[in-house]
Amino acid sequence: METKDTLNLPQTDFPMKASLTKREPEMLEWWAKEKIYEERPSKGKEKFIFHDGPPYANGHIHMGHALNKILKDFIVKFMSMKGYDAEFIPGWDCHGLPIEHQVGKKLKEKKMSLKKSEIRKQCRTYAQEFVDIQREEFKRLGIFADWDNPYLTMDYSYEATIVREFGKFVEKGMVYKGLKPVHWCTSCRTALAEAEVEHADHTSPSVYVKFAVKSGVPDSLGDLGKAYMVIWTTTPWTLPANLAISLHPEFQYVAVAVGDEVFVVAEDRLSSLILEWDIKDYKILGGCKGKDWENAACQHPFIDRESKVILGEHVTLEQGTGCVHTAPGHGQDDYIVGLKYGLEPYNPVDDGGIFIAEVEHFAGMFVRKANPEIIEKMKQDGSLIHHEDIKHSYPHCWRCHQPVIFRATNQWFISMEKEGLRKNALAGIERTKWIPDWGKGRIYSMIENRPDWCVSRQRAWGVPITLCTCTECGEFVNTKEVFERVAEGVEKRGADFWFETPVEELIAKGTKCEKCGNEKFKKENDILDVWFDSGVSHAAVLENRPNPSWPADLYLEGSDQHRGWFHSSLLESIGTRGKEPYKAVLTHGYVVDGKGKKMSKSAGNVIAPQKIIDQHGAEILRLWVASENYREDIRVSNEILKRLTESYRKIRNTIRYLIGNLYDFDPNKDRVLLESLPEIDRYILSRFNVLREKILSAFENYEFHTFYHSFTNFCVVELSAFYLDILKDRVYTYPAKSQGRRAGQTTLYILLMGMVRLIAPILSFTAEEIWRYLPKGSAEEKSVHYSSFPASEDVEFDEELTRNWELLVQLKGEVSKASEASRRDKVIGHSLDSIIKMVLPDSIKKIVSQYAEELKFIFIVSQVELVDSFGDDEKIYVSESLPGVKIFTERHPGQKCERCWHYFVVESNANDSLNCQRCQDHLLDVGE
RNA sequence: GAAUAUGUAGCUCAGUUGGUUAGAGCACUAGUCUUAUGAGCUAGGGGUCACGGGUUCGAGUCCCGUCAUAUUCACCA
């Protein structure tokens, strides 16, 4: 028999190689077949309400989606293991312009002839396709969720909820129709929400234009002769809508003579304007405050209209002349200042961005095409002082990337002030827990400063604004019955119900307009902002399910959702219920590349989750999410993934080793009582208790990277390099059933059972795989995800013992360092080749001598001698970290035991065995 | 342009109320073992703590400024 065969070497079928790409799909199939999520034992217990934010049903999932859903899955799984019923209902956002845009592209010219209902039908099909695609992609990540019953914002029932929720706003009088300037895309022919606008570089003409002063020159200036107010603008096409010139009441304005003309501009702007206009000779005639000019009248440069001089605080001195061209129909500030002076939000531009017929000179012209024409006209008329092109960033449509315009149109708004929506929303923010806490400040200032919510869109793919307005005066019918009738119809037939049902069937005969008494009404054609759709998800999902639980315990999305879903959900919920829909909001950062740059197609640095899954497996993606501090931007690169796969292997291999040494261990028969375990076993278990504590509190605080670092460190430092290395002697060489070996196995068993459960929320696939290789009789649960977290082991390891072992660990390190010199000098190879002699200071010696018999096993050397001093000629290692500790290493002169590799001294009268006495005993199954 | 966040070894992260020589794991280099073997063990090199000022006996930590990256807001009339 070979010596090797007399040892209890590890045995296991648990593969070292993970083959994740092959095994994960099998595991997914098993989870599905066994309905592991659906039939979870925590069902019906106390709920943890985790509400999924709906991704947009367009395109394949990207790293951001993967990050988000994996984080959610960590939480679902650990809450479930904690005993909560962590139901997770995934959702998708299905309406809206991006999908309509895609469908429009596919249809090309045909779309003009298609009916709206046909376009909606195609959009529905398109959205459903991507819901199905993304669902499969999410499942592949190992996400536990109710995939068969997701919520879609285009579900008829969901659409009906949208109608009902909007009805609540209407009922409370918070909805109004207003003529206000909004972002408008002339190519998509719709109003855009703030969130649908993105900024990009754009070249615009920068022009200075003269407005002749007709009357109202302040007395203090005397007779100015041919005086002009000079304005600056980068959008000449808004000049036809000019109704006023705004001056800041407190700024100083000067009248400057240039040639035979007099220009009025802000004093502080004068010097830079002179330079820009290249004017050599000028003379300041006098000055006064802006407020002195109030109600003066100017002449529009090319339209027969008066332009009033008004005062506004929005005027700045950073650019321009301090005299601000004001077109209330084309700008937010203009609109507000215009309201004060009773100016109408005049908008002579139609949906396509074309000047309407009444516009002199430029009727029928597209606004940006009109820019050069207007400039040319002013040049000829002599009203243009200066013109150059400037590059600046300008709002663009997020879909078609065309520059948008600001344009006053009739839109539906939800008032931020009526019913105290803004105030109550801010109070709701205060009541919510924001993680990290700066998220609170972010959303707070957004809600504080935002304008009224423009909820109407002039598109086809969405839920209609179900209001009927009087054909005479525009007042809308505000009755609950109408809304409910519509909601019921939508519930059955979807939003098409609204578009297909004649108004007469919706409104009871004889209904009169409350305002003017008219009996004729028309239906609104606009649809609702998609942010309203997803904003009602708390109602549609949390309230309208069989077991309603409202509000949510947690929302978890990327930091951009402070302006998106967190925002719209808050307003919707506060508006209708007076209370916020979530107790806590957790945010994560963005996925960026290895250099910290954002991923974009144009930069070519996009890494698709699918590619990582194909190459490394979803488990590596999960480990990646766990390894990084997601509260900041998180990086992904090939190097990072390479490190992670190595780290994964280490974890897997460590656990494999535990399994391998338990091949003959029956937990029900062979377990050794905790109090009978050797001190080192109890030490490692006490270390495991510390790890367990750390990990569970990290989970509690959603700090998964703490899990990753402490867990890998435990595997590498505490187990692989320390405990397992030392334990080999005992589990390999002792008699299989000896108390010493069983004690070691008991420890390994406890570690294995604990570790597999601690990793389960993160390394879900691997934990489940391990679960099948546990010693027989270990667990009743068929899935690791049905188990609960390990309890703390009661090993009674007090502070003194802990200090002792920390010292021994440190000393072991010093012994290794000391041996390194001998190894370099080829005196020893393996550490067991050596005898260690050490001089210790009394304080250390007192402790270490208690472990005299165990030292050689702890240090993994053949002999340890504690001596008082060394001879002079010996090469002594002097410790730096443990003052007074000196170590001398030499080669053991005896014979190496073939079996346990410890060296032994051959007695003269001994037999000629190649084994030491200890092994001879062990072979006879004696002792220990 | 503004607000917020971040910036510690090649990578991922620690660094407590300011207090010795800034840590860990991985990676790298070298050695060792062949009893976890596409494994295990050991040692080593590697950091101007983004940069520049300031407060202090003392700053990775506190203050100010600059730069970089990301997100959001606004780019105006």
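Note that this is a predicted model, so its numbers are computed, not measured. Atoms considered below: every heavy atom in the structure, side chains included; atoms not considered: hydrogens, waters and symmetry mates. Just so we're on the same page: letters track the sequence lines, and every chain starts at 1.
- Rounded to whole Å, the distance from CD on A:Glu646 to P on B:U12 is 14 Å.
- Residue contacts shown for A:Thr326 are limited to sugar-phosphate atoms, with no base heavy atom under 4.0 Å away.
- Scanning atom types as modelled, no donor and acceptor separated by under 3.5 angstrom connect the side chain of A:Lys597 and the base of B:A70.
- Counting to the nearest Å, the P atom of B:U4 and the CH2 atom of A:Trp438 are 12 Å from each other.
- Distances shown here put every side-chain N or O of A:Lys598 at or beyond 4.0 Å from the OP1 or OP2 atom of B:U69.
- Distance noted for atom P between B:G60 and B:G18: 13 Å (whole Å).
- Pairing for B:A36 is absent, with no Watson-Crick or G-U wobble pair whose two atom distances lie under 3.5 Å.
- Annotation: side chain of A:Pro301 is not in contact with side chain of A:Lys210 (no heavy-atom distance under 4.5 Å).
- Between A:Trp901 and A:Glu814, the residue anchored closer to the 5' end of RNA chain B is A:Trp901, taking for each the nucleotide with the nearest heavy atom.
- Taking atom P in both B:C67 and B:U56, one finds a spacing of 27 Å when rounded to whole Å.
- Put simply, A:Lys4 has a side-chain N or O that comes within less than 4.0 Å of OP1 or OP2 on B:U35.
- Among the heavy atoms of the strands, none lies under 4.0 Å from A:Gly441.
- Residue contacts shown for A:Arg656 are limited to sugar-phosphate atoms, with no base heavy atom under 4.0 Å away.
- Look at CG on A:Asn629: it is 10 Å from P on B:G15, rounded to the nearest Å.
- Distance OH (A:Tyr648) to C1' (B:C26): 17 Å, rounded to an integer number of Å.
- Atom CG of A:Leu811 is separated from atom P of B:U42 by 15 Å (rounded to the nearest Å).
- Under 4.0 Å is where a charged nitrogen must lie from a carboxylate oxygen, and between A:Arg643 and A:Glu639 at least one such pair does.
- A donor and an acceptor atom never sit less than 3.5 Å apart when one is taken from the side chain of A:Arg442 and the other from the base of B:U72.
- Between A:Glu880 and A:Asp334, it is A:Glu880 whose nearest contact on RNA chain B lies nearer the 5' terminus.
- Pairing of B:G44, defined by two Watson-Crick or G-U wobble distances under 3.5 Å, is identified with B:C28.
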### Message
ring-ring contact (aromatic ring centres under 6.0 Å, His included) for A:His705 and A:Tyr630? Distances and angles first, verdict last.
### Response
CA-CA 8 Å; A:His705 68 287; A:Tyr630 63 83; 7.7 Å; no
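- If you take NE2 of A:His562 and P of B:A70, they are 19 Å apart, rounded to a whole angstrom.
- Aromatic ring orientation, A:Tyr773 versus A:Phe14: perpendicular (interplanar angle above 60°, classes split at 30° and 60°).
- The aromatic rings of A:His562 and A:Trp434 lie tilted to each other, with the angle between the two planes from 30° to 60°.
- The phosphate of B:A14 has OP1 or OP2 within less than 4.0 Å of a side-chain N or O from A:His705.
- The separation between A:Arg631 atom CZ and B:G7 atom C1' is 18 Å, rounded to whole Å.
- With hydrogens and angles disregarded, no donor-acceptor distance shorter than 3.5 Å links the side chain of A:His330 to the backbone of A:Ala327.
- Base-pair partner of B:C73: B:G1 (Watson-Crick or G-U wobble, both distances under 3.5 Å).
- A 3.5 Å limit on both hydrogen-bonding distances identifies B:U6 as the Watson-Crick or G-U partner of B:A68.
- When rounded to the nearest whole Å, the span between CG of A:Leu644 and P of B:A27 equals 12 Å.
- Applying the 3.5 Å distance criterion, the base of B:A70 shares no donor-acceptor pair with the side chain of A:Ser559.
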